[in-house]
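Notes follow the structure.
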Amino acid sequence: MAVTPPKFGAEILRARKDAGLSLDELARRSGVSKSILSQIERDSTNPTIATVWRICAALERSPESLFRAGGAEEAGIEVLTANATPEIQSEDGRCRLRILGAIETVERVQWYEFLAEPGGELVSAAHGPATVEHLTVLEGTLTVTANGDVKSGGPGETLRYATAQGTHTVRNDGEAPARAMMVCIL
């Protein structure tokens with residue numbers, strides 16, 4: 001069953017207009033070409049994690065803020081279907097982050113389902129002061145490189161690492177797909 005990527009181009013367009021930026025100016029600030037930005041705003045292409053990150057940095061918004069699905073009724077229950085759960089891909093296309101956390105908590109805590117094909121690698125920039133990621137491996141084996149250290153974990157194991165400085169990497173060196181829950185405490 002194919003999973004349809006979420007549509008968030010309209011949110012990028014709205015954020016760009018709210019910031020008073022032209023397409024040319026957003027392209028200049030983000031380093032993403034004007035034609036690609038236009039395609040993203042029209043939901044005619046699915047950008048990589050790095051592209052979404054550069055656009056968000058230029059707009060001074062968190063990536064999670066682009067995936068608003070509308071507010072849940074205060075007394076109701078919001079159901080987000082599998083197809084509506086926002087998902088972003090790594091640069092190599094072999095890792096996916098399914099954004100499970102609510103937009104209301106993005107400044108304090110973020111959580112994701114992390115899926116990695118064999119050889120897949122997610123490279124992330126620092127997340128800011130006192131930030132820690134918690135990666136609980138559910139299937140397969142994942143290797144984390146952070147703060148000059150390298151550790152691997154298998155099913156049931158949790159790797160915790162500071163992400164305040166430098167880049168950090170989560171990699172699947174195994175021969176089978178890997179799956180984990182990732183929680184980022186800000």
Side-chain angles (χ1 to χ4, degrees), residues 3 5-6 8 12 29-33 36-37 40 45-67 80 82 85-186:
V3 177
F8 58 91
I12 291 176
R29 288 183 182 193
S30 67
V32 177
S33 75
I36 293 295
L37 284 170
I40 292 169
T45 190
N46 191 22
T48 65
I49 291 172
T51 299
V52 170
W53 189 264
R54 288 194 304 264
I55 293 168
C56 288
L59 292 170
E60 297 180 356
R61 300 237 342 227
S62 69
E64 292 83 0
S65 71
L66 298 176
F67 300 108
L80 201 58
T85 301
E87 185 175 286
I88 48 182
Q89 287 188 3
S90 61
E91 279 284 326
D92 66 8
R94 294 181 181 177
C95 298
R96 294 182 295 145
L97 282 173
R98 296 186 70 237
I99 302 170
L100 304 177
I103 189 68
E104 295 81 18
T105 67
V106 73
E107 299 300 323
R108 299 177 311 279
V109 64
Q110 303 165 7
W111 65 97
Y112 308 90
E113 179 183 27
F114 176 73
L115 305 148
E117 294 299 321
E121 179 176 73
L122 176 66
V123 179
S124 301
H127 298 316
T131 303
V132 177
E133 276 185 9
H134 307 256
L135 184 76
T136 301
V137 181
L138 302 174
E139 298 172 12
T141 301
L142 293 169
T143 301
V144 172
T145 303
N147 308 305
D149 200 5
V150 179
K151 298 275 191 235
S152 294
E157 295 180 316
T158 299
L159 300 127
R160 294 187 175 118
Y161 43 97
T163 60
Q165 298 178 345
T167 61
H168 53 284
T169 304
V170 180
R171 186 176 60 253
N172 180 357
D173 290 325
E175 296 181 14
R179 186 169 69 96
M181 298 305 294
M182 179 185 288
V183 178
C184 187
I185 308 292
L186 306 166

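Just so it is clear, the values below take in all heavy atoms, side chains as well, and ignore hydrogens, waters and symmetry mates. Numbers for residues simply follow the sequence, beginning at 1.
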Report the residues that fulfil side-chain contact (heavy atoms from CB on, under 4.5 Å) with [X], sequence neighbours left out, ordered by chain and then residue number.
X    : answer
T167 : V123
A178 : L142, N172
T163 : H127, T131, E133, Y161, H168

To the nearest 0.5 Å, tell me how far [X] [atom1] sits from [Y] [atom2].
X    : Y    : atom1 : atom2 : value
E121 : D92  : CD    : CG    : 7.0 Å
R160 : T136 : CZ    : OG1   : 7.0 Å
E113 : E87  : CD    : CD    : 8.5 Å
T48  : Q89  : OG1   : CD    : 8.5 Å
L186 : Q110 : CG    : CD    : 5.0 Å
L37  : I55  : CG    : CD1   : 5.0 Å

With sequence neighbours left out, write down each residue that passes salt bridge (charged side-chain N to carboxylate O under 4.0 Å, His left out) with E139, or none if nothing qualifies. R179
Which residues pass the salt bridge (charged side-chain N to carboxylate O under 4.0 Å, His left out) test with D173, sequence neighbours left out? R171
Could you walk me through whether V170 and C95 satisfy the side chain to side chain contact (heavy atoms under 4.5 Å, CB included) test, starting with their C-alpha distance in whole Å, then the side-chain angles of each, then the deciding distance to 0.1 Å, before giving a yes or no? CA-CA 9 Å; V170 180; C95 298; over 6 Å; no
Residue pair [X] / [Y]: nearest heavy atoms and the distance that separates them:
X    : Y    : result
R94  : G120 : CB-CA, 3.4 Å
T51  : E91  : N-OE2, 4.4 Å
A164 : P129 : CB-CA, 4.0 Å

Flag if over 12 foreign heavy atoms under 6.0 Å of CD, E157: yes
Assess the residue pair L97 and F114 against the criterion (side chain to side chain contact (heavy atoms under 4.5 Å, CB included)); give the C-alpha distance rounded to whole Å, side-chain angles, the decisive distance to 0.1 Å, and a yes or no. CA-CA 5 Å; L97 282 173; F114 176 73; 3.6 Å; yes
Pair L100, M181 - check side chain to side chain contact (heavy atoms under 4.5 Å, CB included), show working. CA-CA 10 Å; L100 304 177; M181 298 305 294; 3.4 Å; yes
Would you list the atom pairs, donor with acceptor, under 3.5 Å between side chains in residues 144-154 and any protein atom, with sequence neighbours excluded?
residue : atom : partner : partner atom : Å
N147    : ND2  : A162    : O            : 3.0
S152    : OG   : T143    : OG1          : 2.7

